[in-house]
Asks: 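Got a structure here, written out as structure tokens. Questions coming.
Just the heavy atoms: all of them, side chains too, but no hydrogens, waters or symmetry mates, feed the values below. A note on names: the letters A, B, ... follow the listed sequences, proteins ahead of strands, and every chain is numbered from 1.
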Amino acid sequence: MKREAIREFFRRLHDADPEPKTELEYASPYQLLVAVVLSAQATDRSVNLATRKLFAAAPTPEAMVSLGEDGVAGHIRTIGLFRNKARNTVALSRLLLERHGGEVPAGREALEALPGVGRKTANVVLNTIFRQPVMAVDTHIFRLANRTGLAPGKDVVAVENALLRRVPKEYLLDAHHWLILHGRYVCTAHKPKCGECCVRDLCLYRDKTA
DNA sequence: ATCCCGAGGG
DNA sequence: CCCTCTGGAT
């Protein structure tokens, strides 16, 4: 996609949703971190159903450690990969208390040192909580970047770097959420809704059937 | 490359 | 039945 087309692409997403934000429910940086860890290979809707119960029982890292793996698992059983996620949630909470006074660290290295936190989760926290201009490339953004021709790449790191190079600076801070939301509701994996897409004319794909 | 792993949609 | 959902660790 050409430079001016990319600018127009984000201009339209901005007009449609001037202040995009995550649909994950959370009441603190700690809760956002946990919610993102739980969101791997799961829908936001199912994560929110689980975290409502989980955060009511354990709103802080101290309470999460007390609740324990089995206790956490009991609240998140309806999410896929729940055993790994329960283990990581407790271990991560323990590490936050030991190394960071129970606070969420603002650096990539410290975040990725936490169990269950990889590059994508760290980028979500850095962007959403600390408002840093980074790109968390998840399943939606990877698909959309390649399908539209916005920022093609073989793997997620290649797409991340392509986006950082190509997204205009003034849109970079919110680009993550615009792309996620567009991928979730319009540019879906199966049968994308090209008929109701505001950037269809800029897209490489342009579904023939819609 | 493989495993983890429930719910919802088609 | 199949695929997908804001991945990470081994």
Side-chain angles (χ1 to χ4, degrees), chain A residues 13 17 20-26 29 31-54 69-70 72-96 104 108-132 134-148 150-151 153-160 163-164 167 172-193 207 209-210:
Chain A
L13 292 183
D17 188 359
K21 53 187 195 310
T22 179
E23 294 187 339
L24 292 171
E25 298 170 3
Y26 63 101
Q31 292 186 7
L32 175 77
L33 172 60
V34 172
V36 177
V37 167
L38 298 183
S39 73
Q41 304 293 281
T43 60
D44 273 7
R45 208 174 75 78
S46 67
V47 171
N48 287 334
L49 288 176
T51 53
R52 272 172 215 159
K53 298 186 297 178
L54 179 64
E69 276 187 40
D70 292 342
V72 173
H75 291 298
I76 67 170
R77 235 178 262 287
T78 48
I79 310 180
L81 318 180
F82 71 91
R83 268 181 268 270
N84 284 339
K85 289 174 180 177
R87 187 182 328 115
N88 287 333
T89 297
V90 173
L92 161 166
S93 301
R94 202 183 310 267
L95 265 181
L96 283 184
V104 176
R108 170 185 303 287
E109 280 202 26
L111 285 167
E112 290 192 16
L114 300 169
V117 179
R119 184 177 189 83
K120 179 260 172 180
T121 299
N123 278 333
V124 173
V125 172
L126 289 172
N127 180 64
T128 302
I129 299 297
F130 299 108
R131 300 307 285 159
Q132 292 184 26
V134 298
M135 280 299 317
V137 178
D138 59 25
T139 178
H140 291 300
I141 296 184
F142 184 77
R143 174 183 69 249
L144 198 149
N146 278 296
R147 179 187 281 166
T148 61
L150 176 65
K154 311 293 183 209
D155 55 73
V156 293
V157 177
V159 169
E160 177 180 334
L163 284 168
L164 290 175
V167 177
L172 194 53
L173 223 46
D174 290 318
H176 170 71
H177 289 121
W178 279 319
L179 295 175
I180 290 275
L181 276 301
H182 193 65
R184 180 177 305 160
Y185 294 114
V186 182
C187 195
T188 49
H190 277 319
K191 299 171 53 170
K193 302 178 176 69
D207 191 4
T209 66

Asks: A side-chain contact here means heavy atoms from C-beta on lying under 4.5 Å apart; do A/Val104 and A/Leu32 qualify?
Replies: no
Asks: For A/Gly80, which contact category applies under a 4.0 Å heavy-atom criterion: base, sugar-phosphate, or nothing?
Replies: base
Asks: Would you check, one step at a time, whether the test salt bridge (charged side-chain N to carboxylate O under 4.0 Å, His left out) holds for A/Arg131 with A/Asp174?
Replies: CA-CA 9 Å; A/Arg131 300 307 285 159; A/Asp174 290 318; 2.9 Å; yes
Asks: Using a heavy-atom cut-off of under 4.0 Å over every strand shown, decide if A/His190 touches base, sugar-phosphate, or nothing.
Replies: sugar-phosphate
Asks: For A/Lys193 and B/dG10, give me the distance from atom NZ to atom C1', rounded to whole Å.
Replies: 12 Å
Asks: Nearest-Å distance, CG (A/Asp155) to P (C/dG7)?
Replies: 16 Å
Asks: Hey, can you pull the residues of residues 134-146 of chain A with a non-hydrogen atom under 4.0 angstrom from DNA chain C?
Replies: A/Asp138, A/Thr139, A/His140, A/Arg143
Asks: If you look at every strand shown and take non-hydrogen atoms under 4.0 Å, does A/Val117 touch a base, only sugar-phosphate, or nothing?
Replies: sugar-phosphate
Asks: Take the protein atom CZ of A/Arg45 and the nucleotide atom C1' of B/dA7, then report the distance between them rounded to whole Å.
Replies: 8 Å
Asks: Check whether the side chain of A/Thr188 and the base of C/dT4 form a donor-acceptor pair under 3.5 Å.
Replies: no
Asks: Checking the side chain of A/Arg147 only, and the main-chain atoms of A/Ala189 only, is there a donor and an acceptor separated by less than 3.5 Å?
Replies: yes
Asks: Determine the contact category for A/Ser39: base if any of its heavy atoms lies under 4.0 Å from a base atom, sugar-phosphate if only primed atoms, P, OP1 or OP2 are that close, otherwise nothing.
Replies: sugar-phosphate
Asks: Locate the shortest heavy-atom distance separating A/Met135 from A/Asn123; write the atom from each residue and the value.
Replies: O-ND2, 3.3 Å
Asks: Take A/Thr43 and A/Gly116, find for each the nucleotide of DNA chain C with the closest heavy atom, and name the residue whose nucleotide sits nearer the 5' end.
Replies: A/Thr43
Asks: Rounded to whole angstrom units, what separation is found between the NZ atom of A/Lys191 and the C1' atom of C/dC3?
Replies: 13 Å
Asks: Taking only the P atom of each, what is the distance from C/dT10 to B/dC5 in whole angstrom?
Replies: 15 Å
Asks: Starting from P on B/dC5, measure out to CG on A/Asn84 and report it in whole angstrom.
Replies: 6 Å
Asks: Would you say the side-chain atoms of A/Lys53 pair up with the backbone N or O of A/Gly74, donor to acceptor, closer than 3.5 Å?
Replies: no
Asks: Name the residue closer to the 5' end of DNA chain B, choosing between A/Leu49 and A/Leu81 according to the nucleotide with the nearest heavy atom.
Replies: A/Leu81
Asks: Side chain of A/Lys120: nearest nucleotide among B/dA7, B/dC5, C/dG8?
Replies: C/dG8
Asks: Rounding to an integer number of angstrom, what distance separates B/dA1 and C/dT6 when you compare their C1' atoms?
Replies: 23 Å
Asks: Could you check A/Arg87 against A/Asn84 for side chain to side chain donor-acceptor pair (under 3.5 Å), going step by step and ending with a plain yes or no?
Replies: CA-CA 5 Å; A/Arg87 187 182 328 115; A/Asn84 284 339; 3.3 Å; yes
Asks: Heavy atoms only, 4.0 Å cut-off, all strands: where does A/Ala189 land among base, sugar-phosphate and nothing?
Replies: sugar-phosphate
Asks: Between B/dA7, C/dT6, C/dG8, which one does the side chain of A/Thr121 approach most closely?
Replies: C/dG8
Asks: Measure from the side-chain N and O atoms of A/Lys21 to the backbone N and O of A/His177, and report whether any donor-acceptor pair falls under 3.5 Å.
Replies: no
Asks: How long is the line joining CD of A/Glu23 and P of C/dC5, in whole Å?
Replies: 14 Å
Asks: Treating A/Arg184 as the side-chain partner and A/His140 as the backbone partner, does any N or O pair qualify as donor plus acceptor under 3.5 Å?
Replies: no
Asks: In whole angstrom, what separates A/Leu114's CG from C/dA9's P?
Replies: 10 Å
Asks: Please give, in whole Å, the distance from C/dG8 P to A/Arg108 CZ?
Replies: 11 Å
